[in-house]
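Here is the structure we will look at.
Below, each value reflects all heavy atoms present in this structure, side chains not excepted, and no hydrogens, waters or symmetry copies.
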Amino acid sequence: MNKVIEQMLNHRSIRQYIPGKSIPEEDLDLIIRAAQSAPSWINGQHYSIIGIKDHARKQKLAELTKNPYVAECSIFFVFVGDFYRVSLASAKHGTPFRAKSEEDLLLVAATDVGLACQNALTAAESLGYGTVCIGGIRREFTEVSEFLGLPEFVIPIVGLCIGYPDTNPKVKPRLPKEAVYFEETYQTDTLPLLEKYDTEIIPYSEREGSIGYTERLAKSYAEPYYKGILKGLKKQGYLGGNR
């Protein structure tokens with residue numbers, strides 16, 4: 001065990017922040033540079049980060065994401081999948097951007113964003129700040145894209161609240177290692193492990209209705225979680241779409 005791993009194992013999502021406190025620019029610079037140090041496919045760095053400090057703009061994003069703590073945190077990062085730079089590079093060198101309609105771009109963007117976001121989260125927590133990831137940035141896909149002025153080939157993927165914690169929740173237990181780590185081949189006989197985890201997570205899931213893990217998953221995926229994303233992706237130039 002070292003300090004880095006100890007900090008990672010102590011991660012909690014913080015949903016209450018001390019209002020009105022800004023983060024020093026030198027700390028923000030460290031967090032952003034840590035995010036930029038994440039690995040990416042072909043070193044393409046297929047993401048950008050939009051930092052929202054203005055309270056009125058954070059309030060608007062809180063409404064769009066249906067997460068009130070977006071308005072309360074010191075700064076809200078929006079991580080976007082970014083292939084606009086690819087379009088600039090293609091135009092500069094006179095090469096076609098034929099891959100723009102490939103579904104693989106979404107995987108590349110999501111992976112690069114996820115790695116950068118995790119680096120930012122880890123850096124922020126190492127400096128004593130609280131964080132929580134906001135998947136709801138995709139809820140109102142088109143409106144969020146317009147609000148942030150996203151050009152073609154740029155899509156919102158995840159948000160990250162960063163601020164001064166005003167709460168100290170317990171660390172939630174994770175799935176048993178045996179349910180997520182397999183050697184050589186995938187193992188499908190994990191239902192007993194999931195059922196055991198159901199009972200372990202209930203005391204920590206009051207916000208979700210005090211239900212087990214499997215029930216929450218089943219309810220979450222019974223219907224499309226955020227509608228309109230496919231249409232938004234095509235509008236942004238992905239999956240064969242264009243403006």
Side-chain angles (χ1 to χ4, degrees), residues 13-17 19 22-23 28 31-32 35-36 38 40 44-88 100-101 103-121 124 130-163 207 220-221 223-243:
S13 291
I14 302 298
R15 295 181 172 86
Q16 294 178 4
Y17 297 92
S22 60
I23 295 175
L28 281 179
I31 294 168
I32 293 165
Q36 287 190 270
S40 64
Q45 303 166 70
H46 301 101
Y47 63 88
S48 290
I49 309 167
I50 302 172
I52 310 296
K53 298 179 181 179
D54 180 77
H55 180 73
R57 289 179 61 78
K58 286 189 295 180
Q59 182 61 50
K60 178 62 175 178
L61 287 173
E63 295 169 3
L64 290 173
T65 63
K66 300 191 184 307
N67 287 282
Y69 26 92
V70 169
E72 299 167 0
C73 65
S74 299
I75 188 168
F76 184 58
F77 280 175
V78 181
F79 287 81
V80 297
D82 192 342
F83 287 91
Y84 178 71
R85 287 191 287 268
V86 176
S87 69
L88 294 179
K100 64 185 178 183
S101 62
E103 291 85 348
D104 186 54
L105 264 66
L106 299 179
L107 296 177
V108 170
T111 301
D112 279 12
V113 161
L115 292 167
C117 182
Q118 179 61 50
N119 266 25
L121 182 153
T131 67
V132 64
C133 294
I134 306 295
I137 198 68
R138 303 186 304 277
R139 184 186 295 274
E140 300 294 341
F141 187 96
T142 300
E143 193 168 351
V144 166
S145 296
E146 292 174 352
F147 181 75
L148 297 175
L150 302 185
E152 192 173 24
F153 308 122
V154 179
I155 56 172
I157 293 181
V158 70
L160 180 67
C161 292
I162 306 175
R207 194 178 69 92
S220 296
Y221 289 97
E223 299 290 342
Y225 207 77
Y226 300 138
K227 298 180 180 179
I229 290 181
L230 184 59
K231 182 178 180 181
L233 286 171
K234 290 183 177 180
K235 184 177 180 181
Q236 290 299 98
Y238 287 81
L239 304 180
N242 56 69
R243 291 186 174 185

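The one candidate from F79, F83, Y84 that meets the ring pair (Phe, Tyr, Trp, His ring centres under 6.0 Å) condition with H46 is F83.
Here E140 does not pair with K60 in a salt bridge; the nearest charged N to carboxylate O distance is not below 4.0 Å.
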| So Q36 and Y47, side chain to side chain contact (heavy atoms under 4.5 Å, CB included) or not? Walk me through it. | CA-CA 9 Å; Q36 287 190 270; Y47 63 88; 3.9 Å; yes
| request: Show your reasoning for whether side chain to side chain contact (heavy atoms under 4.5 Å, CB included) applies to V132 and Y17. | output: CA-CA 11 Å; V132 64; Y17 297 92; 3.6 Å; yes
| field | Derivation and outcome, side chain to side chain contact (heavy atoms under 4.5 Å, CB included), residues R85 and S48 | value | CA-CA 10 Å; R85 287 191 287 268; S48 290; 2.9 Å; yes
| request: Decide side chain to side chain contact (heavy atoms under 4.5 Å, CB included) for I137 and L61; before the verdict, give the C-alpha distance in whole Å, the side-chain angles of both, and the deciding distance to 0.1 Å. | output: CA-CA 8 Å; I137 198 68; L61 287 173; 4.3 Å; yes
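Side-chain contact between S13 and C133 is absent, with no heavy-atom pair separated by less than 4.5 Å. Residues F77 and T131 fail the side-chain proximity criterion, which asks for heavy atoms closer than 4.5 Å. No side-chain heavy atom of D82 sits less than 4.5 Å from a side-chain heavy atom of D112. The shortest side-chain heavy-atom distance between V70 and I52 does not fall under the 4.5 Å cut-off.
Summarising the geometry, atom OG1 belonging to T111 is positioned 8.5 Å from atom CG belonging to D104; distances are rounded to the nearest 0.5 Å. For the atom pair CG (N119) and CD1 (I31), the distance works out to 11.5 Å, reported to the nearest 0.5 Å. The distance from atom CD of Q59 to atom CD of E63, rounded to the nearest 0.5 Å, is 5.0 Å. Interatomic distance, CD1 of I134 versus CG of N67, reported as 4.0 Å (0.5 Å rounding). Interatomic distance, L148 CG to I50 CD1, rounded to the nearest 0.5 Å: 4.5 Å.
Summarising the geometry of G130 relative to I14, their closest heavy-atom pair is CA-CG1, 3.7 Å, with the distance given to 0.1 Å. For the residue pair I162 and A124, the shortest heavy atom distance occurs at CG2-CB, 4.0 Å. When every heavy atom of L160 is checked against every heavy atom of A120, the shortest pair comes out as CD2-CB, 4.0 Å. Between P156 and L150 the shortest heavy-atom distance is CD-CD1, 3.6 Å.
Here the side chain of S40 pairs a donor or acceptor atom with the backbone of Q45 at under 3.5 angstrom. Between the side chain of K58 and the backbone N or O of C73 there is at least one donor-acceptor pair closer than 3.5 Å.
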